[in-house]
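Numbers restart at 1 for each chain; the letters A, B, ... are given by sequence-line order, proteins then strands. Just so it is clear, the model here is predicted, and its values are computed rather than measured.
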There are 2 protein chains.
Amino acid sequence: MTTVSIKEVAARAGVSPGTVSNVLNRPAKVAAATRERVEEAIRELGFVRHGSASTLRAGHSRTLGLSVIDIGNPFFTDVAAGIEDAASERGYAVILGNSAGSRAKEERNLRVLAEQRVRGVLIIPTDEDLSRLDRLREHGISVVLVDHPAHRPDQCAVAVDDVAGGRTAVAHLLARGASGVAYVTGPLTIRQCLERRQGALAALEAAGLGPDRLRVAEMAAMNARAGEKAAGDLLAAGLPDAVFCANDLLALGVLRALLQAGVRVPDDVMLMGYDDIEFAAASAVSLSSMRQPTHQLGRIATELVLDECENPETHAHQHIMFQPELVARESTR
Amino acid sequence: MTTVSIKEVAARAGVSPGTVSNVLNRPAKVAAATRERVEEAIRELGFVRHGSASTLRAGHSRTLGLSVIDIGNPFFTDVAAGIEDAASERGYAVILGNSAGSRAKEERNLRVLAEQRVRGVLIIPTDEDLSRLDRLREHGISVVLVDHPAHRPDQCAVAVDDVAGGRTAVAHLLARGASGVAYVTGPLTIRQCLERRQGALAALEAAGLGPDRLRVAEMAAMNARAGEKAAGDLLAAGLPDAVFCANDLLALGVLRALLQAGVRVPDDVMLMGYDDIEFAAASAVSLSSMRQPTHQLGRIATELVLDECENPETHAHQHIMFQPELVARESTR
DNA sequence: CCTCGTATGTAGAACGTTTTACCGACGAGC
DNA sequence: GCTCGTCGGTAAAACGTTCTACATACGAGG
């Protein structure tokens with residue numbers, strides 16, 4: 001319960017508090033003998049630096065803020081794992097906020113992050129209005145957008161090309177012989193859903209097919225249950241050659257409902273998901289999907305935000321756009 | 001970039017800094033008219049309280065630390081979601097640490113949490129040596145064990161009865177007609193794996209069957225790939241009536257490998273998982289599993305830790321043990 | 001009229017670091 | 001023998017809150 005401070009360490013080692021601080025922060029600045037004496041004292045007393053005092057005086061903390069849309073979705077947790085890895089390697093702590101798709105909750109979380117004076121914020125935004133991020137920047141907090149293109153030039157962003165992903169996916173289905181595709185998606189107000197559809201249309205056009213060949217089933221949620229429901233609708237309305245889902249969770253739901261209805265995948269209907277979550281490969285008919293470099297997305301975003309706040313003068317803002325990768329499995333074979 | 005402090009708010013509102021602090025922390029103590037003037041000034045200046053200064057002076061922060069074993073496992077993310085929910089409702093931030101099963105990483109994370117002077121720590125420990133937690137407590141940080149029974153009486157813990165879970169699962173398989181069971185598990189050094197096996201043996205004994213009826217396949221990892229490998233071994237050695245997996249990820253792998261080998265589930269082999277993750281219901285043959293109250297586990301643990309640190313004198317330590325619930329689906333029908 | 005309690009607010013000292021300015025000693029260069 | 005630069009270290013002032021006295025005013029009770 002007794003918290004030992006830098007002063008007591010200093011007394012024990014027979015030096016001034018300033019020297020202890022130097023041992024902690026710029027060990028090179030202090031003579032080897034003294035340094036060892038101080039380190040010894042630190043060990044003996046079990047001293048652990050008071051992060052808040054340090055933050056207060058130094059003007060910046062060693063924590064990053066992270067706001068994700070849905071911590072239950074494996075795609076986001078994979079990204080978060082990458083962020084946590086990179087941050088912890090450099091001695092940064094990560095404060096996690098789950099916006100659960102709610103803008104209000106996201107704002108509340110950002111407020112907490114601002115109070116904590118995090119060094120930087122990594123955010124997977126819930127919607128397209130990013131003005132609240134500018135307010136963070138006014139407080140001197142670096143912000144990097146994750147899985148979202150930049151909304152202004154003086155800002156870093158790490159994204160994955162969703163238009164290309166949609167195009168690649170549908171082009172794959174067409175190459176496998178499909179002549180029409182159903183697109184099962186979440187709300188088209190979600191950027192990812194919208195852009196993947198855009199890509200899908202582009203693929204059709206490139207194949208000389210009209211936009212009428214893409215039947216869109218827009219669901220309220222993006223989980224397996226919604227996928228099952230969508231499959232029911234498709235069954236009722238007549239099956240297309242192929243189904244492209246905006247998300248693996250949807251696809252798994254579709255898959256399950258189709259198999260239960262006696263539809264063979266891929267023989268009767270081909271099926272594609274998106275994200276390539278771990279469970280995509282493990283489903284009974286393994287799922288073709290678009291793989292995104294989730295872990296790397298998180299890692300690079302972290303490196304960018306740390307570079308921005310640790311080297312503000314040399315930092316060059318970057319807009320990084322990864323390309324998703326087609327993973328063809330049984331469901332489109 | 002200019003950070004506005006409580007002083008400037010005070011100047012603007014024509015009061016002293018102490019009064020602003022009171023408005024922030026005990027609004028009841030200040031006259032309505034003054035309070036409004038201060039709140040007005042706060043809004044106009046865009047003041048946001050400096051958490052570190054507050055922590056430094058007040059002696060405690062409004063953050064909780066969370067250390068999980070594997071952020072990629074849906075079971076843990078569900079627990080984490082519950083924690084994040086409860087914490088954010090009360091204005092607490094959560095610092096996330098992923099130990100990735102590594103004890104060294106867990107210790108590094110705990111050190112960071114100690115530096116940040118988190119108010120309390122929620123930990124899903126990687127192993128059974130919990131002495132390092134006592135060191136945290138010496139620093140005045142409350143610790144609550146999650147998904148792990150308490151290791152000392154003066155400590156809170158929220159766990160799920162793994163012995164009962166194993167017993168229920170295997171009893172279910174036996175009731176469905178199995179006369180022998182294969183137990184596919186991760187390392188038996190992991191408490192959960194060990195106790196679930198113990199429960200399985202108890203169920204056999206209760207049915208008048210000997211421990212030789214439980215064939216144990218101990219895998220190094222607990223993911224779908226390990227499950228596939230285990231299924232391969234089972235196929236080579238001769239299939240049992242039923243397979244009980246320590247984890248849904250393993251079970252999904254087993255399921256996939258069995259179906260691919262032409263084995264019918266549940267007709268040829270019954271299959272049970274554990275955790276009841278979202279994907280258990282969505283797999284082609286929906287998976288029977290043991291459901292644990294993940295979200296509630298996190299929520300209650302959070303309430304306990306907050307009660308412990310906010311009301312240390314009235315707080316009563318609790319050892320809460322939930323009972324897992326059998327969810328029977330197609331794979332054991 | 002005096003005292004007392006309550007309601008409201010203020011002044012100023014903490015909290016534990018980091019940082020700036022400064023000091024003494026020592027060796028090199030001239 | 002003098003000046004200078006460097007090295008290793010110290011003293012003390014911040015950083016932005018909260019908290020513990022301590023004021024002041026006012027109404028009630030005697």
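By the side-chain contact (heavy atoms from CB on, under 4.5 Å) test, H151(B) is found to be paired with L130(B), D134(B), L145(B), Q155(B), residues two or more places apart in sequence or in another chain being considered. Qualifying side-chain contact (heavy atoms from CB on, under 4.5 Å) partners for P149(A), counting only residues two or more places apart in sequence or in other chains: A159(A), R191(A). When the side-chain contact (heavy atoms from CB on, under 4.5 Å) test is applied to T302(A), the partners found at least two apart in sequence or on another chain are L64(A), I83(A), A86(A), A87(A), L122(A), L306(A).
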>> The test is side-chain hydrogen bond (donor to acceptor under 3.5 Å, both in side chains); show your working for R137(B) and S142(B) and say whether it passes.
In response: CA-CA 6 Å; R137(B) 289 160 57 94; S142(B) 309; over 6 Å; no

> Stepwise, does the salt bridge (Lys or Arg N to Asp or Glu O under 4.0 Å) test hold for R103(A) with E107(A)?
Replying inline: CA-CA 6 Å; R103(A) 167 123 182 225; E107(A) 280 184 5; 3.4 Å; yes

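In this structure, CG of L56(B) is placed 7 Å from P of dG16(C), rounded to the nearest angstrom. Spacing between atom NZ of K7(B) and atom P of dG12(C) amounts to 12 Å, rounded to whole angstrom units. The interatomic distance linking L45(A) (CG) with dG16(C) (C1') rounds to 15 Å, in whole Å.
Rounded to 10°, the helix from dC1(C)-dG30(D) to dC30(C)-dG1(D) has 50° between the axis fitted to its first five pairs and the one fitted to its last five.
In summary, R37(B) and E40(B) do not engage in a salt bridge, as defined by a charged side-chain N under 4.0 Å from a carboxylate O. At a threshold of 4.0 Å, the pair E308(B)-R119(B) does not count as salt-bridged, since none of the basic side-chain nitrogens sits closer than that to a carboxylate oxygen. A salt bridge links E89(B) with R299(B); the closest basic N to acidic carboxylate O contact falls under 4.0 Å.
With a cutoff of under 4.0 Å to any heavy atom of chain A, the contacted region of DNA chain D is bounded 5' to 3' by dG8(D) to dG16(D).
OP1 or OP2 of dT18(C) sits under 4.0 Å from a side-chain N or O of S21(A). R26(A) has no side-chain polar atom (N or O) that falls below the 4.0 Å cut-off from OP1 or OP2 of dT18(C).
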Atom pairs, protein N/O to nucleotides 6-10 of chain C N/O, distance under 3.5 Å:
residue : atom : partner : partner atom : Å
dG9(C)  : OP1  : T34(B)  : OG1          : 2.3
dG9(C)  : OP2  : A31(B)  : N            : 3.0
dG9(C)  : OP2  : T34(B)  : OG1          : 3.4
dT10(C) : OP2  : S16(B)  : N            : 2.9
dT10(C) : OP2  : S16(B)  : OG           : 3.0
dT10(C) : OP2  : T19(B)  : OG1          : 2.6

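Among the heavy atoms of the strands lying under 4.0 Å from S54(B) are primed sugar atoms or P, OP1, OP2 only; no base atom is included.
Looking only at atom types and distance, the side chain of D307(B) has a donor-acceptor partner in the side chain of H315(B) under 3.5 Å away.
Environment of CZ in R62(A): crowded, with over 12 heavy atoms of neighbouring residues, nucleotides or ligands closer than 6.0 Å.
Here the two rings, on H317(B) and H319(B), have centers that are 6.0 Å apart or farther.
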